[in-house]
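Reminder, nothing fancy here: chain letters follow the sequence lines and each chain counts from 1. Note: hydrogens, waters and symmetry copies are ignored here, and every other heavy atom, side chains too, is used.
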Amino acid sequence: MLSNKKFVEKITDMEEDFGQWYTDVVKQAELVDYGSVRGTMIIKPYGFALWENMRDIIDQKIKETGHQNVYFPLFIPESLLQKEKDHVEGFAPEVAWVTHGGDDELGERLSIRPTSEVLFCEYYANNIHSYRDLPMLYNQWANVVRWEKTTRPFLRSLEFLWQEGHTAHATHEEAAEETDRMLEVYADFCENYLAIPVIKGRKTEKEKFAGAKYTLTIESLMHDGRALQTATSHLFGTGFAEAFDITYLDENGEQQYVHQTSWGITTRLIGALIMVHGDNRGLVIPPRVAPTQAMIVPIAQHKEGVLDKAYALRDQLKDIVRVDIDDSDHMPGWKFNESEMKGYPVRIELGPRDIEKEQVVLVRRDTGEKEFVPMNELATRLPALLEEIQQNLFDQALAHREEKTTAVTTIDEFKQTLEEKGGFIQAMWCGDTACEEEIREVTGATSRCIPFEQKEIAPTCVCCGKEAKDMVYWARAY
RNA sequence: CGGGAUGUGGCUCAGUUUGGUAGAGCACUGGCAUGGGGUGCCAGGGGUCGCAGGUUCAAGUCCUGUCAUCCCGACCA
């Protein structure tokens with residue numbers, strides 16, 4: 001870990017006030033500005049570049065798994081939104097409505113999509129006729145609006161960007177496979193690109209998506225010991241198909257309902273990345289998604305030849321790593337701090353002394369370690385270093401999660417652990433929603449998921465003492 | 001939606017108690033020096049005090065109303 005010595009006071013220590021730390025980092029790293037409407041955000045160039053990198057990787061994986069991108073409208077007529085009962089009930093409290101076109105009141109209110117299930121359903125109903133049309137594997141990148149009461153950049157904003165996959169299949173088995181497949185895509189992305197270890201599992205009935213048969217999820221642990229749902233993949237079964245009359249003729253000429261899924265990840269992942277890897281000096285971005293992987297900082301750049309050499313170095317490296325140069329008029333110390341706040345994985349220092357010795361100084365963001373590297377070895381050393389950083393970030397996050405995961409057998413132990421240590425609680429559960437609600441009331445924790453990887457901690461439910469069905473991960477969550 | 005607070009240059013805030021015509025730090029512009037962990041000095045530009053009304057010779061300051069935002073609790077990717 002990086003020493004806790006601070007050079008700049010612009011970022012509140014995370015131990016002191018984690019919420020304020022988060023806000024400071026988001027602002028100082030220039031990821032976002034606040035929009036003029038409460039709860040909205042302007043994603044600035046650096047923040048958007050990060051999102052674009054994440055998006056491009058996921059987009060490629062979505063296409064590799066056979067999906068096609070589409071774009072559906074922003075508006076959903078009220079009558080359409082209301083076709084599936086559970087779905088409306090789930091979203092109604094946070095829907096934004098358009099009531100006027102110019103000065104004229106609309107005959108029917110239009111909701112601004114909080115999610116697009118019903119639009120896809122309407123389309124599927126009109127376009128699926130035969131088993132030959134299936135599966136239909138669509139994805140869209142879009143913005144959605146949910147009128148949240150309390151908001152926070154990336155974690156919960158009125159408007160956010162996401163990707164939503166919507167698929168229709170002939171059979172339950174195919175749809176279930178799809179749901180599993182996409183959860184795997186997300187888990188792979190989180191672990192191998194964002195360096196965020198995840199727990200894969202299923203949501204309880206209480207926590208599942210409104211209208212779904214079941215919801216698969218990946219959950220991860222933030223630095224303050226609170227959990228964050230990083231992605232979800234839902235199996236709808238035929239619920240929506242029945243509500244929207246989405247049917248096809250099978251090989252035997254019989255009318256069948258389609259089996260549907262949906263799955264998504266959002267700009268919230270940026271919040272996860274910040275809260276998993278960041279430290280008291282600011283952001284730490286994993287190399288594989290970092291817009292700038294290495295920032296060159298010229299020292300005494302006014303001196304003859306220094307800047308020329310720095311530009312030459314950039315040109316030499318630009319096909320190997322994503323490299324940039326800070327040739328601003330600031331002092332070197334200022335640039336060091338700036339590069340740490342921005343979370344560039346590696347800083348390359350280059351001054352008169354280095355030029356004389358034909359070397360550069362590499363400083364890694366995660367540990368603060370410095371190394372002197374001969375100019376002619378840089379092309380091999382730098383990519384290797386980036387990989388080391390990527391791996392180290394994952395290892396650190398995993399170690400942190402393991403340290404903060406506790407198995408408990410009694411509700412008192414549950415409560416005490418959560419208060420003193422936070423993190424994930426593993427506890428047995430009978431499967432009854434009443435117990436889930438009581439646990440929340442008593443401890444403040446919600447069920448995060450029923451993990452695929454089960455272990456029996458005790459034979460009985462931590463809450464009611466009846467026979468336990470599953471081991472469940474619990475936590476206070478964002 | 002309940003409780004608390006705040007609106008003054010781009011940002012953080014002082015000034016309001018006791019009305020007299022707006023100030024600091026940061027940021028910004030120009031200059032000189034400096035340059036291996038937020039550099040120093042000099043010179044500049046920029047606000048009518050959330051909005052609307054009222055009291056007064058005079059309102060950032062007092063009164064009424066209104067809007068917005070932030071923090072704490074219940075709901076959510």
Side-chain angles (χ1 to χ4, degrees), chain A residues 2-3 5-11 17 19-20 23-24 27-28 33-40 89-95 113-115 142-164 186 203 206-210 215 217-220 227-234 262-272 281-282 297-303 306-307 326-341 347-357 359-361 363 368 370 372 440-441 444 446 448 477-478:
Chain A
L2 190 60
S3 82
K5 184 177 178 200
K6 284 183 66 181
F7 297 101
V8 179
E9 298 304 321
K10 281 189 173 168
I11 296 172
D17 182 346
Q20 190 58 49
T23 308
D24 290 346
K27 208 166 54 186
Q28 294 302 327
D33 262 353
Y34 289 102
S36 58
V37 173
R38 170 197 70 92
T40 59
E89 280 176 12
F91 282 99
E94 44 188 74
V95 170
R113 63 181 164 216
T115 179
N143 58 339
V144 288
V145 168
R146 299 183 187 178
W147 215 261
E148 303 285 355
K149 301 266 186 338
T150 50
T151 60
R152 229 173 203 204
F154 296 123
L155 294 176
R156 178 159 300 113
S157 43
L158 290 197
E159 178 188 5
F160 57 93
L161 306 182
W162 77 349
Q163 151 281 307
E164 51 180 324
Y186 293 149
K203 285 287 188 189
K206 181 172 182 291
E207 297 284 329
K208 75 177 186 185
F209 181 81
T215 290
T217 178
I218 50 178
E219 300 283 329
S220 49
L228 185 78
Q229 174 181 308
T230 36
T232 48
S233 182
H234 316 289
S262 85
W263 25 272
I265 53 101
T266 78
T267 36
R268 183 179 230 198
L269 278 182
I270 296 174
R281 290 190 196 166
V297 176
I299 311 289
Q301 67 182 29
H302 69 294
K303 290 198 177 151
V306 172
L307 266 181
D326 185 351
D327 56 4
S328 69
D329 215 10
H330 292 289
M331 302 290 285
W334 193 95
K335 294 181 185 180
F336 295 163
N337 289 311
E338 183 70 10
S339 70
E340 279 161 7
M341 282 194 286
R347 180 172 83 233
I348 304 175
E349 299 178 15
L350 179 71
R353 296 210 293 265
D354 305 303
I355 291 169
E356 199 178 315
K357 294 187 202 164
Q359 65 171 29
V360 297
V361 185
V363 186
K370 283 189 181 189
F372 297 87
R440 178 175 189 174
E441 208 139 297
T446 51
R448 302 321 304 157
Y478 279 99

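- Nucleic acid contact for A:Phe209: none, since no nucleic acid atom lies under 4.0 Å from a heavy atom of the residue.
- Qualifying side chain to side chain contact (heavy atoms under 4.5 Å, CB included) partners for A:Gln28, counting only residues two or more places apart in sequence or in other chains: A:Lys10, A:Ile11, A:Met341.
- Scanning for side chain to side chain contact (heavy atoms under 4.5 Å, CB included) contacts around A:Lys303 gives A:Ala300, A:Val306, A:Pro352, with sequence neighbours left out.
- In this structure, A:Val361 reaches the bases: a heavy-atom distance under 4.0 Å links it to at least one base atom across the strands shown.
- B:rA33 and B:rG37 have their P atoms separated by 22 Å, given to the nearest Å.
- With sequence neighbours excluded, the residues forming a side chain to side chain contact (heavy atoms under 4.5 Å, CB included) with A:Gln229 are A:Lys203, A:Thr217, A:Glu219, A:Thr232, A:Arg268, A:Arg448, listed by chain and number.
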Secondary structure of RNA chain B per the Watson-Crick/G-U criterion (both distances under 3.5 Å; [ ] crossing, | other strand, . unpaired) is (((((((..((((......[..)))).((((((.....)))))).....(((((..]....))))))))))))....
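- Spacing of C1' atoms, B:rC49 relative to B:rA68, comes out at 16 Å, to the nearest Å.
- Nucleic acid contact for A:Glu94: sugar-phosphate only, since backbone atoms but no base atoms lie under 4.0 Å from a heavy atom of the residue.
- Under the salt bridge (charged side-chain N to carboxylate O under 4.0 Å, His left out) criterion, A:Glu349 pairs with A:Arg347, sequence neighbours left out.
- Looking at heavy-atom distances under 4.0 Å, A:Arg440 makes contact with sugar-phosphate atoms alone, never a base.
- Take A:Thr215 and apply the side-chain hydrogen bond (donor to acceptor under 3.5 Å, both in side chains) test, not counting sequence neighbours, and it matches A:His234.
- Between A:Trp162 and A:Arg347, the one whose closest nucleotide on RNA chain B sits nearer the 5' end is A:Arg347.
- Counting non-hydrogen atoms under 4.0 angstrom, A:Leu228 reaches nothing in the nucleic acid.
- What you find for A:Thr230 and A:Ile265 is that their closest heavy atoms are O-CG2, 4.0 Å.
- If you check distances only, the side chain of A:Glu340 does reach the base of B:rG37 with a donor-acceptor pair under 3.5 Å.
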